[in-house]
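Scroll down for the structure; my scribbles are underneath it.
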Amino acid sequence: QGQLVESGGGLVQAGGSLRLSCVASGRISSIFSRYPMAWFRQAPGKEREFVAGITWSGGSTYYADSVADRFTISRDIDKNTVYLQMNSLKPEDTAVYYCAVAAMPGGTPRSLSEYDYWGQGTQVTVSS
């Protein structure tokens with residue numbers, strides 16, 4: 001048994017910041033430090049999309065073009081936690097944000113099909 005639990009979402013004004021956390025437990029925690037992890041988001045009426053990813057070593061990060069200049073993904077192995085620091089938030093960032101663990105180690109996966117483990121999501125709402 002294992003799970004990913006996101007937290008840190010909420011309501012923020014445009015231009016503000018939020019820091020999302022995703023904590024791995026159980027079996028997932030045993031692969032957390034070895035597999036790529038990512039944040040995805042899904043806005044109402046839209047497909048779930050890739051936001052940011054981090055390799056197993058934490059030495060390489062990668063982002064969707066829409067957030068690359070504003071968001072930062074990081075990992076804390078000791079806390080079994082991956083973070084997403086979101087700055088300069090825009091109303092179009094409003095979505096449910098999900099963390100995910102890749103199906104296989106290595107690489108820089110961006111597709112939904114390349115991730116096997118998902119959290120329940122945390123709501124981020126950015127007001128004008």
Side-chain angles (χ1 to χ4, degrees):
Q1 189 176 18
Q3 62 180 5
L4 299 169
V5 179
E6 302 96 334
S7 63
L11 176 64
V12 65
Q13 295 183 38
S17 299
L18 284 174
R19 183 178 175 87
L20 305 184
S21 299
C22 175
V23 181
S25 63
R27 178 181 175 275
I28 298 177
S29 65
S30 70
I31 65 172
F32 168 83
S33 63
R34 297 157 45 209
Y35 285 56
M37 293 192 67
W39 288 93
F40 289 76
R41 67 186 181 188
Q42 187 165 18
K46 295 186 177 181
E47 299 285 336
R48 190 171 300 187
E49 65 176 354
F50 171 82
V51 175
I54 187 167
T55 63
W56 70 269
S57 67
S60 181
T61 59
Y62 51 106
Y63 302 88
D65 289 343
S66 60
V67 307
D69 58 338
R70 299 180 294 122
F71 292 7
T72 302
I73 187 172
S74 61
R75 186 199 307 253
D76 188 329
I77 295 176
D78 291 338
K79 296 181 179 179
N80 292 327
T81 302
V82 64
Y83 303 96
L84 184 67
Q85 178 66 48
M86 305 185 295
N87 298 324
S88 301
L89 284 162
K90 306 173 181 179
E92 50 263 47
D93 295 318
T94 295
V96 177
Y97 284 71
Y98 301 88
C99 66
V101 181
M104 296 187 298
T108 55
R110 294 172 177 263
S111 301
L112 290 170
S113 62
E114 296 179 285
Y115 290 83
D116 273 359
Y117 308 99
W118 296 84
Q120 294 295 311
T122 184
Q123 176 70 48
V124 172
T125 302
V126 184
S127 63
S128 300

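Numbers for residues simply follow the sequence, beginning at 1.
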Report summary line: Closest heavy-atom pair, I31 versus V101, reported as atoms and distance to 0.1 Å, is CD1-CG1, 4.0 Å

Requested in this report: Would you indicate whether the side-chain heavy atoms of P109 and Y62 approach each other to under 4.5 Å?
Outcome: yes

Query raised in the report: Taking E6 for the side chain and L20 for the main chain, is one N or O donor matched with an acceptor at less than 3.5 Å?
Result: no

Query raised in the report: Going from SG on C22 to CG on N80, what distance comes out if it is rounded to the nearest 0.5 angstrom?
Result: 10.5 Å

Query raised in the report: Of all heavy-atom pairs between R41 and A95, which one has the smallest distance, and what is that distance?
Result: CB-CB, 3.8 Å

Query raised in the report: In the single-linkage hydrophobic clustering (I, L, V, M, F, W, Y; side-chain heavy atoms under 4.5 Å), do V124 and L84 co-cluster?
Result: yes

Query - Transitive ILVMFWY side-chain link L18 to V23, under 4.5 Å - result: no

Query raised in the report: Counting distance only, does the side-chain N/O of T94 pair as donor-acceptor with the main-chain N or O of V126 below 3.5 Å?
Result: yes

Query raised in the report: Once you round to the nearest 0.5 Å, how far does OG1 of T55 lie from CZ of R34?
Result: 14.5 Å

Report task. Verify side chain to side chain contact (heavy atoms under 4.5 Å, CB included) between D93 and M86, making sure each step is shown before the conclusion. Result -> CA-CA 10 Å; D93 295 318; M86 305 185 295; over 6 Å; no

**Report entry** Interatomic spacing from CD in E49 to CG in L112 - rounded to 0.5 Å
**Finding:** 10.0 Å

Requested in this report: Would you name the heavy atoms of A38 and F50 that are closest together and state the gap between them?
Outcome: CB-CE1, 3.9 Å

Query raised in the report: Rounded to the nearest 0.5 Å, what separation is found between the SG atom of C99 and the CD1 atom of I54?
Result: 12.5 Å

Query raised in the report: How long is the gap from CG on L89 to CZ on R70, to the nearest 0.5 Å?
Result: 6.5 Å

Query - From OG (S21) to NZ (K79), nearest 0.5 Å - result: 9.0 Å

Query raised in the report: Just wondering, more than 12 heavy atoms not from Q120 lying within 6.0 Å of its CD?
Result: no

Query raised in the report: Quick one: do W39 and I28 end up in the same hydrophobic cluster if we chain Ile, Leu, Val, Met, Phe, Trp and Tyr together by side-chain heavy atoms under 4.5 Å apart?
Result: yes

Query raised in the report: Do the side chain of R75 and the main chain of P36 share a donor and acceptor less than 3.5 angstrom apart?
Result: no

Query raised in the report: Which pairs, with at least one residue in residues 91-122 and sequence neighbours excluded, count as a ring-ring contact (aromatic ring centres under 6.0 Å, His included)?
Result: F40-Y115, F40-W118

Query raised in the report: Should we count CD of E47 as having more than 12 external heavy atoms under 6.0 Å?
Result: no

Report task. Spell out, yes or no, whether Y83 and L4 are grouped together once hydrophobic residues are joined by side-chain heavy atoms under 4.5 Å, including indirect joins. Result -> no

Report task. Check for a donor-acceptor pair, side chain of T122 on one end and backbone N or O of G9 on the other, with a separation under 3.5 Å. Result -> yes

